[in-house]
Each structure stands twice: as C-alpha cells, then as structure tokens.
Enquirer: 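Before we start, here is the structure in question, set down as structure tokens.
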Number of protein chains: 2
Amino acid sequence: MASPAAVRIVEVGPRDGLQNEPGTVPLLAKVALIEALAEAGLKDIEAGSFVSPKWVPQMADTIEVLAALKRRPGVRYSVLTPNLKGLEQALAAGIEEVAVFAAASEAFSQKNINCTIAESLERFVPVLDIARANGVAVRGYVSCVLGCPYQGEVPVAKVVEVSQALVAMGCYEVSLGDTIGVGTPGKAKAMAKAVADQIGLQRTALHFHDTYGQALANVLACLDLGIASLDSAVAGLGGCPYAKGASGNLATEDLVYMLDGLGVATGVDLDRLAAAGRAITGALGRPSASKAARALAAKAG
Amino acid sequence: MASPAAVRIVEVGPRDGLQNEPGTVPLLAKVALIEALAEAGLKDIEAGSFVSPKWVPQMADTIEVLAALKRRPGVRYSVLTPNLKGLEQALAAGIEEVAVFAAASEAFSQKNINCTIAESLERFVPVLDIARANGVAVRGYVSCVLGCPYQGEVPVAKVVEVSQALVAMGCYEVSLGDTIGVGTPGKAKAMAKAVADQIGLQRTALHFHDTYGQALANVLACLDLGIASLDSAVAGLGGCPYAKGASGNLATEDLVYMLDGLGVATGVDLDRLAAAGRAITGALGRPSASKAARALAAKAG
C-alpha cells in the first residue's frame with residue numbers, strides 16, 4: 001500500500017451530519033460539538049450552511065453558531081453557500097472558506113436543487129468570483145459520484161466534467177460524494193483516479209457515505225492513489241441507523257482509527273474525538289453510528 | 001487490485017454469531033436460519049459446536065440442529081469440536097467437517113480454554129487423527145491474531161507458528177481470527193502474508209470481527225494477497241451493537257455487497273441472504289448489524 005504520509009480530514013458532522021436530524025438540535029449543542037472537534041485536532045470543520053431555512057431548517061441558526069465559535073489559529077470553519085445571498089452572510093460572519101455543491105447526476109440535480117447541472121454551475125460563477133475577490137477559499141462538492149437514487153448509474157465522465165468545471169471556476173479542491181453510499185472499492189478507486197488524472201491529486205477529496213458499510217474500504221482503496229483529503233462525520237452523523245433510507249457519513253472515529261493503524265498522520269486525537277462524539281450523540285439521545293467509538297466507550301467501561 | 005476471481009465464504013453466524021446471544025435462541029429459528037443461508041447459496045456453514053453446554057449454553061442443542069437440517073449436495077455443515085468427545089458427537093451426527101481452535105495469545109489461551117497454547121495443540125492431535133481416519137475434514141482457527149484483550153500485542157511469529165502447527169497436524173485450512181476486531185488494514189495484510197508465506201495461500205482464511213469498524217477494509221487489504229476464503233456472519237451476528245464490549249463478526253451482507261461490486265464471485269444471492277438475516281434478527285428482536293442489509297430493507301420499503 002502506498003498511502004500518503006498524512007491526510008487532511010474535513011469534518012462534516014456539524015453540517016452534513018446534523019442537517020439530517022429529525023429533531024431540533026440546540027444551538028449550544030452545535031457550538032459545543034464544533035469546539036470539541038477543534039480541540040480534538042480537526043483543522044477543517046464544516047460548521048453550517050447558508051441555505052433557505054425552509055429547505056434545511058436544521059441549519060437556520062448558522063449565523064448564531066458562527067458568532068459563538070471561538071476562532072483558533074490553524075482551524076478553518078467553512079459553510080455551504082449555494083448562492084450570492086448565502087455568500088454575503090458568510091462574508092459578514094468573517095468565514096475564510098465556503099463551499100458550493102453540484103451533482104454529477106442530472107436527475108438528482110433536478111430533484112434536489114431544481115435546476116440542471118449546467119444551470120447550477122452557472123450560478124456558482126459569481127459566488128466564486130466574489131468569494132475569491134474577498135480572499136475566501138471555495139471548495140466544490142460533487143454529489144452522486146458513484147450512483148444516483150433517481151437515475152441509478154452515473155457516468156464517470158460526468159463526474160470528471162463537473163469536477164473540472166468547479167476547478168475551472170476557482171474551487172481549490174473538489175470533494176467527490178457518494179451521496180447514497182452505493183460504491184464499492186474498485187469503482188470508487190477508478191472514479192477517483194479518473195477525476196484526479198484531470199484535476200490533479202492535490203485537488204481531489206473524497207466524501208463517502210456508509211449506507212452499505214463500504215465507506216472505509218472505499219477510502220482505503222483510494223488512499224493507494226495518494227488522495228489525502230477525506231471527509232467524514234464524527235459519530236457517523238447524517239443518518240439515523242435504524243431509519244428508512246439511513247445514509248450516515250463515514251464515521252470520523254472509524255477513519256482515524258484506521259489511519260492511526262496505517263501510520264497515516266491526521267493530527268486528530270482519537271480519544272478526544274470519541275468524547276466529542278459521545279457528547280453529541282448523548283445530546284441527540286441515540287447511540288453513535290461509529291463502531292470504533294462504541295468499542296472505545298465499552299473498553300473505557 | 002489483484003483480487004481473486006472467486007472466494008469461498010464460510011458463514012459462521014449460526015455458531016460464532018448465535019453463541020454470543022444473551023437469550024435462548026429457539027431450535028427452529030436456528031434451523032430456519034441455516035436452511036435460509038444454504039438457499040441463499042452459502043456452501044460452507046458453521047452449524048454449531050460440541051462444547052460443554054455449561055460454557056456455551058447457546059450451542060447445547062447442536063445435535064438437534066444437525067438432525068433437523070436437510071442435507072444438500074454441495075453444502076457442507078461444520079461444527080466446532082475441541083476434544084474427542086465433541087468429535088464423537090460430530091461423527092455420530094454424520095458431519096463432514098469439524099473445526100478446532102487455538103489462540104495465538106498465551107494469555108487468551110489460559111483465560112479462554114484454561115491451558116497453554118502448546119497443551120491445546122496437543123489435545124487436537126488425536127481429534128485430527130480420528131477425524132481424518134473417518135474422512136472428516138478439519139479446519140483450524142487461530143484467535144487473537146491481531147491483538148489480545150489480556151496481553152495486548154500478539155507477535156506475528158506466534159500466529160505463524162500456531163498456524164503451521166495446525167497444518168502439520170492435518171488441518172486443511174487455518175482461519176485467522178481478529179477476535180477483538182482491533183486490526184487495521186496494513187497490519188492485517190502483513191500478518192496474513194506472513195502466515196500465507198509459510199502455510200500457503202490456499203490454506204489461509206480470514207475471520208475478522210468488526211468491533212472497530214475495520215473488518216471490511218481489512219478483508220479488502222488481504223484480498224490483494226490472493227486469499228480466497230473468508231469468514232463472516234449474516235446480519236453481523238456475534239455482538240449486540242450496543243452492548244458493552246460488543247464484538248460482532250463482519251456481516252456477510254456487507255462482504256457480499258463489496259465482492260459483488262468488485263466482480264469477485266461468491267455464489268451467494270444478496271437478496272436471499274438479506275432475507276435470511278431479516279428473519280433471524282426478527283426472531284432475536286433486534287436490528288441487523290449489517291449496514292447493507294438495513295439499506296436493502298429501506299430500499300425495498
């Protein structure tokens with residue numbers, strides 16, 4: 001195995017995780033989670049989303065979350081900003097990084113953001129221009145890179161094309177999302193390689209969901225390529241384990257446990273990370289979706 | 001990736017899984033499970049254990065289970081037989097395969113079977129001799145191959161040594177068990193390679209528990225070596241997900257899902273397998289520990 005010596009973990013639990021919660025998550029629980037993640041050593045934390053609270057009510061208090069966060073040297077908080085209005089809010093909050101998101105599936109784009117892929121990309125151009133003019137880094141997300149709930153198969157060529165478009169408009173990195181967690185290691189690696197071959201390894205990140213239990217194996221397969229930017233969510237937030245259509249993120253604890261074992265540096269303290277996970281799952285009133293976190297808790301007695 | 005074209009899956013749910021159940025599992029539920037697994041295409045199914053019911057009460061009805069099973073061409077049921085008494089019961093039941101088990105950890109051997117590793121191996125010699133004289137194949141298990149709950153680190157050299165001893169006395173295959181699920185892919189691959197280099201690839205099998213969420217990634221790493229015999233348990237049986245010290249087996253559904261995606265033939269029908277898992281977890285009154293099974297159930301509505 002030719003794993004990289006170190007990887008950057010982008011912690012998406014506070015956004016991609018909590019946005020799927022059925023109940024309201026208190027502001028203080030969100031802030032405590034993000035602070036605890038930063039204290040565990042995570043340097044890149046997705047803290048919220050400036051989208052319409054009509055569509056994503058769980059992210060309605062992103063302004064308050066950002067205002068409450070202690071700023072720490074070396075820790076970057078990012079928010080999703082699908083449009084100029086969102087970007088303006090992010091700029092007002094003094095955020096150093098924002099993210100835009102497109103789909104690799106035409107059917108998903110239509111159903112999820114009500115426009116074609118091309119239209120969504122066009123909308124991002126002014127967002128990128130103004131962000132960059134203000135010294136704000138922009139990350140791009142591509143969803144449905146290994147399958148779509150509506151159209152099924154998604155051509156790798158389309159994933160490559162959308163990734164290239166995001167880089168062309170100024171995204172410093174593109175995170176490839178297996179939104180419905182259907183990918184397996186061979187296909188994940190081939191897809192990631194096709195993208196990295198075009199936009200560069202250093203611009204390629206992975207965002208795998210664990211719906212079918214494949215996320216960690218998929219990451220392992222792609223580490224071989226030298227990809228060194230990985231998204232995950234503490235406690236596997238992002239899907240209730242026993243809800244219909246459950247689709248949690250790869251658990252950061254399980255990822256860090258593997259990377260520690262592989263000797264790949266993450267800068268994250270696993271015990272502190274697991275404590276952050278216990279606190280938020282306790283606040284949510286349900287067990288962690290991270291097996292490593294549950295095992296560590298059992299071991300600690 | 002240089003995965004093998006096909007693998008043999010040894011289904012251990014009815015034994016290694018159910019033996020850890022806190023409540024009594026009805027005989028009919030066990031028989032129905034094993035029949036359903038065979039109908040799903042599994043050819044190697046561990047059906048029970050002839051150990052003292054004082055120590056493993058869940059396996060006390062193994063004779064009745066075996067008597068009730070329909071015998072199918074090409075399907076092999078095996079049982080654990082730690083001693084001659086157990087072997088006699090297996091022979092009386094007309095079983096074609098039995099298994100013996102040793103530890104790679106001296107501390108675990110003492111705590112778990114109350115003797116040294118060397119003593120446990122000595123005890124197996126007459127079991128192997130009589131089994132082979134009766135045309136019964138014998139599989140060997142080695143536990144704690146990647147760590148021990150009592151002594152911590154386990155030297156790879158010890159795993160190799162115990163594996164060689166089992167082969168020398170006549171085991172056709174040795175299954176390397178990460179009993180407490182602490183392994184990560186690099187270490188798992190190095191350990192499996194060290195064993196396979198000595199006893200041969202075709203005699204090397206893997207038995208990974210998913211305690212820290214690493215089992216599938218560990219399997220993936222080892223597939224590269226060409227290992228083509230893998231143990232798993234339907235529904236991830238073998239540990240209650242929320243119990244202290246939970247330590248379930250790798251879920252067969254998650255494994256088959258990955259292998260299907262990799263194009264590695266298993267002969268197993270994933271939908272039928274998932275149905276077998278739903279039936280037994282329904283009987284046990286708890287959710288499946290297989291993410292693929294839960295996702296398939298959600299998709300089916």
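In what follows, chains are A, B, ... by sequence order, proteins preceding strands, each numbered from 1.
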Enquirer: To the nearest 0.5 angstrom, please state how far the CG atom of B/D254 sits from the OG1 atom of A/T184.
Expert: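 If I round to the nearest 0.5 Å, the distance is 12.5 Å.
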
Enquirer: Got a second to check how far B/I180's CD1 is from A/K299's NZ, nearest 0.5 Å?
Expert: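 B/I180 atom CD1 to A/K299 atom NZ measures 7.5 Å (nearest 0.5 Å).
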
Enquirer: Atom CG in B/L216, atom CG in A/D210: separation rounded to 0.5 Å?
Expert: 9.0 Å

Enquirer: Is a side-chain donor or acceptor of B/Y257 paired with a backbone partner of A/V182 at a separation under 3.5 angstrom?
Expert: yes

Enquirer: To check you understand the geometry: which heavy-atom pair defines the closest contact between A/P185 and B/M258, and what is its length?
Expert: CD-CG, 3.5 Å

Enquirer: Name the option with the most non-hydrogen atom pairs under 4.5 Å to chain B; the candidates are A/G261, A/P149, A/G183.
Expert: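 Between A/G261, A/P149, A/G183, the count favours A/G261.
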
Enquirer: Distance check, rounded to the nearest 0.5 Å: A/D260 atom CG versus B/Y212 atom OH?
Expert: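 Atom-to-atom, A/D260:CG and B/Y212:OH are 12.0 Å apart.
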
